[in-house]
Amino acid sequence: MNNTLENMEEILDHHICGFHQFVLTPTVHLNYVSHNLCEMLGVQQDELLDDRTDLYLQMVHPADREKYSDFTKKIIQTEQALTGEYRLVKKDGTMIHVRDTVTPKRQEDGTLIGNSVLTDITDIKKENDDLQFLNETVPCGFLKYTCEKQPRITYINPKMIEFLRFPKAKSGEMDYLEMYKSNIFLMIPMEERRRFSKYLNRVFSADVPIAGDMTLLRCDGTRVHIFGWVTKCINEQGEAEFQSVCIDITERYQARKMSESKRYLQALTDVYDKIFEFNLDANTVKCLHCEAGSCFKRFESIAMQIEDALEKWLIASVDAEQQDNVRRFFKDFCQKRLNGVDGKPPKITYKARSNDNTIKQYTGVFIKVDESVSFYCCREIKETADSVELKAENDRLKGTMRDLVMQFSDGIAAFEVSPEGLVKPLYATENVCEFFGYTKEEWLPLTERFTPVENFVANSEVPYENFAKLLRNGEAEFAYFDYQSETERKMKAICSEKEPNANTSRYVMLYPVEGQSEVGKPALPENRTVSIRTFGYFDVFVGDTPIAFRNKKSKELFALLVDRKGGYVTSEEAISFLWEDESANTLTLSRYRKVALRLKSTLEEYGISDIVEAVDGKRRIVMDKVECDLYNYLSGKEEYSQLFKGSYLTNYSWGETTLGELVNNQK
């Protein structure tokens with residue numbers, strides 16, 4: 001069979017872009033020119049063919065002729081296929097950028113022939129020139145990276161290199177830039193990686209850009225705070241890629257954090273005797289606040305190395321028998337092994353020498369400011385004047401309202417309300433602090449200053465309008481979830497009448513409304529089969545009865561457990577989904593525990609609490625106790641193959657990751 005193409009000449013002339021053939025033995029010249037190349041340059045064939053000289057070289061841009069000559073010399077020396085880029089000047093004077101791929105072959109007579117194919121890359125070069133203009137005129141970092149599970153950086157501009165402080169690679173030393181290019185997650189702090197990965201998945205599946213701010217790790221170990229956006233594009237190879245543009249907002253971020261820290265620090269100084277700033281990134285500690293006679297006064301606001309400061313000053317003052325325990329406490333903190341119980345800040349109690357050279361009892365606590373900075377706050381354990389005054393106020397209030405408290409009292413609180421709408425709590429029992437959404441540690445600073453009512457009640461699940469009604473009318477009712485009995489209840493609040501000058505303390509008493517704990521509780525259906533719908537909007541049914549989740553976050557938590565398909569979800573993971581823009585801290589952990597209790601209570605109301613299993617704070621759904629369209633579809637059985645119609649957990653943006661997987665599996 002003769003496989004020779006009869007129309008080879010036509011293919012070379014018209015269908016292979018810019019095809020021509022060189023004779024690469026001296027003198028270099030063209031011995032074949034395609035019609036395609038002539039059209040590209042606007043010339044006739046005889047204007048490029050000459051056995052005595054290289055007429056094609058005359059078409060190369062003068063500034064690129066030396067590069068072109070070096071390119072041909074390298075082909076002759078190596079006799080290997082090579083690709084180069086240069087500019088050509090057309091007959092009409094216009095310029096084009098080309099990518100030239102030459103494949104050499106030596107003939108039987110020893111002549112070296114080069115077959116060349118040109119690609120016009122003018123448009124791509126123009127885009128790159130525009131990008132270069134952006135690089136030089138706008139202080140933005142720019143990145144291109146692949147859409148793989150572990151994205152690789154394919155382009156990084158000089159400004160981004162400057163942001164991340166990559167050093168120039170020296171001979172014999174590691175090239176950090178190339179190492180980071182192989183995996184973009186190397187520049188993402190560990191605590192930010194899940195959020196960044198989730199954003200990439202959302203951009204890829206929804207094909208819409210996302211903007212926001214986040215923290216990056218510089219090559220020198222410090223952190224840079226950037227604002228930017230991520231979008232998905234198609235590159236010149238026709239492949240999907242991510243592109244990011246960002247600006248450095250570190251100074252603005254630090255200024256804001258400093259302002260917040262100053263306000264926070266001012267509140268803490270009213271409670272603690274000494275406050276130290278631990279910066280784990282810089283490995284420094286400095287005294288921010290201490291008593292007038294303290295030995296730390298002369299070192300105030302001076303950064304010291306953590307190891308030196310601990311041994312010479314902090315631990316040296318501790319009672320000898322307790323020094324090892326205190327040393328271990330600080331060591332564990334510095335190595336990030338110190339976790340508070342139930343999300344609470346880590347604490348320690350110890351004896352130490354005071355300013356008057358006597359041994360006294362102290363308590364210390366680490367309060368997290370951000371991922372690298374924490375405040376170590378300590379104070380002497382004693383009956384302070386403030387606590388005596390608070391106790392006296394407590395006794396006075398109990399005396400004033402003794403008759404009511406004896407009849408009913410789930411909690412009591414006293415507030416001073418100003419005409420400007422500012423409130424300062426004077427006293428509250430612990431369960432009232434929780435009702436307003438505060439821990440005991442968070443409540444104490446509030447007793448020292450006035451706060452706008454809107455801000456004061458922001459952490460409560462009850463709307464501000466209800467509190468305003470309480471102050472205006474003197475009484476109001478609130479629905480709340482009692483976390484000790486783990487049931488829904490109703491609370492009535494009675495507010496004392498306003499004094500004539502409207503600027504004195506007003507007293508609020510909270511008590512349960514009798515017989516309300518069972519109101520609204522659904523009758524348990526006889527058929528306890530649990531059916532879960534994930535394709536479309538998320539809903540759960542017990543028999544034919546839909547579960548009426550009274551808290552949207554508890555419903556979202558249940559949806560997250562379903563999405564995990566029987567795998568355990570930790571508190572930190574759940575928080576990253578339920579409150580995407582907040583990290584796991586004391587406040588969010590407290591919110592999460594309340595959400596989890598609400599979910600438990602709701603499932604118990606319907607008699608199906610066994611479908612969720614909790615172990616050491618981690619939760620999972622027991623798959624074999626529910627019917628779920630997602631699980632049926634993933635089983636691969638033919639009767640379920642048509643369940644998925646292209647939508648999944650429409651209520652929740654984080655469901656797009658699984659949606660993308662379902663769409664890919666459907667192809």
Side-chain angles (χ1 to χ4, degrees), residues 1-133 154-155 171 235-238:
M1 180 181 291
N2 184 5
N3 290 325
T4 304
L5 290 176
E6 296 180 356
N7 58 344
M8 180 66 74
E9 189 75 20
E10 181 183 350
I11 292 173
L12 294 177
D13 243 3
H14 298 280
H15 299 294
I16 297 181
C17 183
F19 180 78
H20 54 285
Q21 191 176 78
F22 288 96
V23 174
L24 293 173
T25 50
T27 302
V28 175
H29 62 279
L30 271 63
N31 68 338
Y32 177 82
V33 179
S34 69
H35 180 71
N36 191 300
L37 177 63
C38 293
E39 284 187 342
M40 183 183 291
L41 298 177
V43 298
Q44 301 296 320
Q45 288 186 344
D46 57 7
E47 295 180 75
L48 293 174
L49 297 174
D50 191 323
D51 295 343
R52 297 164 297 172
T53 184
D54 188 358
L55 295 178
Y56 180 80
L57 179 62
Q58 305 306 313
M59 307 295 291
V60 177
H61 191 286
D64 289 349
R65 287 175 185 170
E66 183 177 349
K67 180 167 68 171
Y68 171 77
S69 297
D70 291 341
F71 175 59
T72 55
K73 288 177 183 176
K74 192 171 183 180
I75 296 170
I76 295 170
Q77 291 171 355
T78 62
E79 294 192 20
Q80 293 180 347
L82 294 175
T83 299
E85 294 181 4
Y86 50 86
R87 291 168 289 178
L88 293 173
V89 180
K90 298 167 66 173
K91 191 173 183 179
D92 62 5
T94 58
M95 182 186 68
I96 60 173
H97 291 264
V98 297
R99 181 177 290 129
D100 190 356
T101 301
V102 180
T103 305
K105 181 179 180 181
R106 193 167 291 278
Q107 306 284 67
E108 292 181 359
D109 61 0
T111 303
L112 186 63
I113 300 296
N115 294 314
S116 174
V117 176
L118 295 184
T119 304
D120 188 342
I121 59 171
T122 305
D123 289 342
I124 297 174
K125 282 293 184 181
K126 186 177 185 305
E127 289 180 7
N128 288 339
D129 288 343
D130 292 341
L131 180 61
Q132 184 64 32
F133 173 76
T154 57
Y155 175 82
S171 179
N235 61 21
E236 54 266 28
Q237 284 78 39

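Just so it is clear, the model here is predicted, and its values are computed rather than measured.
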Inset, instruction - Return yes when atom CD of Glu108 has more than 12 non-hydrogen atoms of other residues, nucleotides or ligands closer than 6.0 Å, and no otherwise. - result: no
Inset, instruction - Step through the shown structure and confirm whether more than 12 heavy atoms of other residues, nucleotides or ligands are within 6.0 Å of CD on Glu66. - result: no
Inset, instruction - Could you check Ile121 against Val98 for side chain to side chain contact (heavy atoms under 4.5 Å, CB included), going step by step and ending with a plain yes or no? - result: CA-CA 5 Å; Ile121 59 171; Val98 297; 5.6 Å; no
Separation between [atom1] of [X] and [atom2] of [Y], rounded to the nearest 0.5 Å:
X: Arg87; Y: Ile96; atom1: CZ; atom2: CD1; answer: 12.0 Å
X: His29; Y: Leu49; atom1: NE2; atom2: CG; answer: 9.0 Å
X: Met40; Y: Met59; atom1: CE; atom2: CE; answer: 11.5 Å
X: Tyr86; Y: Leu118; atom1: OH; atom2: CG; answer: 5.0 Å
X: Leu82; Y: Ile75; atom1: CG; atom2: CD1; answer: 5.5 Å

Inset, instruction - Any side-chain hydrogen bond (donor to acceptor under 3.5 Å, both in side chains) involving residues 68-80? Give me the pairs, sequence neighbours left out, ordered by first then second residue. - result: Glu79-Arg106
Legend entry - side chain to side chain contact (heavy atoms under 4.5 Å, CB included) against Ile113, all qualifying residues, sequence neighbours excluded: Gln21, Val23, Asn31, Gln107, Thr111, Asn115
Inset, instruction - Applying side chain to side chain contact (heavy atoms under 4.5 Å, CB included), name anything that partners Asp92, two or more places apart in sequence or on another chain. - result: Lys90, Thr94
Legend entry - Contact summary for Ile76 and Leu24, nearest pair of heavy atoms: CD1-O, 3.2 Å
Legend entry - Minimum-distance pair of heavy atoms, taken over all atoms of Gly18 and Asn36: N-OD1, 3.0 Å
Legend entry - Any Cys38 side-chain heavy atom under 4.5 Å of Val33 side chain: yes
Inset, instruction - Indicate yes or no: at least one non-hydrogen side-chain atom of Arg99 is less than 4.5 angstrom from one of Thr83. - result: yes
